[in-house]
Amino acid sequence: MKGGDATRPWGRWLVIGIPLVWLTLFFLLPFGIVLKISLSQGALAIPPFQPWFGMEDQWLNATLANFRFLLTDNLYAAAYLNSLKIAAVATFACLLMGFPLALGIARAAPRWQAVLLLLVIVPSWTSFLIRVYAWMGILGNTGVINTLLLWLGLIDQPVVMLRTDFAVYVGIVYAYLPFMVLPLYATLVRIEPALLEAAADLGAGPATVFLRIVLPLAAGGILAGCMLVFIPAIGEFVIPELLGGADTLMIGKVLWQEFFNNRAWPLASAVAVVLLGLLLAPLWLFHHQQARSMALHR
Amino acid sequence: MTRGLSPALRVAMIAVFVFLYAPMLLLVIYSFNESRLVTVWAGFSTRWYGELFRDRQMMSALWVSLRVASMAATTAVVLGTLAAIALTRLGPFRGRGAFGMLVTAPLLIPEVITGLSLLLLFVAMGQLIGWPAERGMLTVWIAHVTFATAFVTVVVAARLAQFDRALYEAALDLGATPFRAFAQVVLPVIAPALGAGWLLAFTLSLDDLVIASFTSGPGATTLPMVVFSSVRLGVSPKVNALATLLMAFVLLAALLSWWLMRRRASAGAAMVSPGNMSRR
């Protein structure tokens, strides 16, 4: 490509420039606007916020009031913390379920690996909304599980599962499991069987081999998988809305309600800015890990 | 042998696969249930499919969604392929790291943030330059292109990274322009990835509720928005029927893309192998 591009630098600029302009305009710039609106005052108008520069006094109307409000009302702090907690617990549950599956696929006969991987991926191609909705019919008071348990005589009255935090955990694990399994598989399949045999020959039991060889070698995949579940789960809206109860506090739901129900655009923007700030650390961690694994396997 | 699965691992794998597929299977079964109640099996019936097709609101939302998804997928494939070339084939350029982060960031940013930020952009642009005058299919299209491009980039970049550069250089040495070398040598090899990327972008757009809710306007209600408002209140047999049809469609598309990838992969391997030899 060197020769061609030296003579036609404009081709090179187009290849980089077109996606760059699109993403700058429609991805980067909007964040700046969110930041700006989060510093504006709300108003009973369309759109429902005051301009920075007032019409009459030409004075800067920027304010930190929205952020101050986030601090004073405990609802918001509770929603952020609860989102982090739910995302963390669900991520751990995903890891517990995804690890055996990824390990099993990595150790299956090579011709089976592609088929098993496809079986993991296919559910994530079907509608996310539909997959979350499916659990409403399973967990409900008259749902599949309760009907089965009642019929078996194991319970006298339905166990309340839908509209609880439990249902939210189930939904997150179900929806995000493929994102955990794929990076885990990618690292586990690279582990040399000879390493494990050598460890066993040297007297290590299966538990020791797992803890001291497999886990350290899979650390990169574990981190990547956990971030792929944890980061989107924090801002999740559909799952807590459909499966969670009225008291299931998650920040994605709060943002949605502030925006659509209360029409508090500046406050919703402030919620988004703080959420993005919270996500910076895990996003950086994920990016760092990706760059390292790419350098490692080049 | 370390290969070969222990019984415990086998059981765990089967359990997880049951967990993955049982909910979807139940939806399919209940879509053929005569009764409105989930718990009662009142006999086999295709009644809900009939009601689904007679539901004007859902059908027009489906039509909106299909149009938005095909336009968004096509644009995302173009942008995503350009971005993938920039990331894998152009060598180092200033700001390459930042460019890579910018391209893949939409993958992980929560949808509520992406949706809110795009809406605020459209409102600000409307005030400032009068375009877009109102929100509708156009704004949903822009929003979907923006987040689907990231997915296409990842899929195409993975394929491009395997592509043997020597083939492209050989075409240049033989006098082809960079564009022609790309169209006739690179494109056929990465075509399956473009197809897979298009399908992925299409399903992502067809499925999106959150970003569409923020960026859509009157007259541009997408299918997930209608489905969401109807299931919010509880289980609906019509939605079960719709889910079954969507799953059948996705299964067909998955089988098709798998078959394409396999067929093209063997053809691609045959084409690429002489290139590997010429490298010596």
So which atom in [X] and which in [Y] form the shortest heavy-atom distance, rounded to 0.1 Å?
X	Y	answer
M24(B)	P123(A)	CE-CB, 3.6 Å
L120(B)	S269(A)	CD1-OG, 3.4 Å
L116(A)	M13(B)	CD1-CE, 3.9 Å
G252(A)	V112(B)	O-CG1, 3.9 Å
S117(B)	P30(A)	O-CB, 3.3 Å
A272(A)	L116(B)	CB-CD2, 3.8 Å

Proximal component of [X], with respect to chain A [non-hydrogen, under 4.5 Å]:
X	result
V103(B)	both
A243(B)	both
V123(B)	side chain
F249(B)	neither
A83(B)	both
I142(B)	both
A181(B)	neither
F179(B)	neither
L204(B)	neither
L251(B)	side chain

If I take atom [atom1] from residue [X] and atom [atom2] from residue [Y], how far apart are they, to the nearest 0.5 angstrom?
X	Y	atom1	atom2	answer
D207(B)	S127(A)	CG	OG	3.5 Å
L121(B)	L28(A)	CG	CG	11.5 Å
L20(B)	M97(A)	CG	CE	7.0 Å
M247(B)	I130(A)	CE	CD1	7.0 Å
L20(A)	L82(B)	CG	CG	11.5 Å
F26(A)	T114(B)	CZ	OG1	14.0 Å

Taking side chain as everything from C-beta outward and backbone as N, CA, C, O, which of these in [X] sits under 4.5 Å from a heavy atom of chain B? Side chain, backbone, both or neither.
X	result
L25(A)	backbone
E241(A)	side chain
L279(A)	side chain
V120(A)	both
L119(A)	both
L283(A)	side chain

Task: Main-chain N/O of L242(A) paired with R232(B) side-chain donor or acceptor, under 3.5 Å - done: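 Checked: no pair found.
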Task: Over 12 foreign heavy atoms within 6.0 Å of CE, M101(B) - done: no
Heavy-atom distance under 4.5 Å between the side chains of [X] and [Y], does that happen here?
X	Y	answer
F128(A)	D208(B)	no
P19(A)	T149(B)	no
L276(A)	I109(B)	yes
L118(B)	F27(A)	no
F99(B)	L23(A)	no
L108(B)	P232(A)	yes
T126(A)	T203(B)	no
V235(B)	Y133(A)	yes

Only pairs of heavy atoms separated by less than 4.5 Å count here; which of [options] has the most with chain B?
options	value
G104(A), G140(A), A102(A), A200(A)	G104(A)
N146(A), V238(A), L129(A)	L129(A)
F31(A), F286(A), F259(A)	F259(A)

With a 4.5 Å cut-off on heavy-atom pairs, point out which of [options] contacts chain A the most.
options	answer
A150(B), S236(B), A15(B)	S236(B)
V239(B), I14(B), V227(B)	V239(B)
P106(B), P224(B), P110(B)	P106(B)
L102(B), L26(B), V78(B), L200(B)	L102(B)
S213(B), A124(B), A143(B), G95(B)	S213(B)

Task: Geometric class of the Y174(A)/F19(B) ring pair [parallel <30°, tilted 30-60°, perpendicular >60°] - done: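 Ring orientation, 0 to 90° scale: perpendicular.
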Open item on the list: Below 30° counts as parallel, above 60° as perpendicular, anything between as tilted: where do the rings of F214(B) and F260(A) land?
Closed with: tilted
TODO: For T146(B) and W22(A), run side-chain hydrogen bond (donor to acceptor under 3.5 Å, both in side chains): C-alpha distance rounded to whole Å, both residues' side-chain angles, the deciding distance at 0.1 Å, then the answer.
DONE: CA-CA 8 Å; T146(B) 305; W22(A) 183 286; 3.0 Å; yes
Open item on the list: Go through it in stages, so that I can follow the logic: the residues are V16(B) and L177(A), the test is side-chain contact (heavy atoms from CB on, under 4.5 Å), and I'd like the CA-CA distance, side-chain angles, deciding distance and then a yes or no.
Closed with: CA-CA 10 Å; V16(B) 176; L177(A) 191 60; 3.6 Å; yes
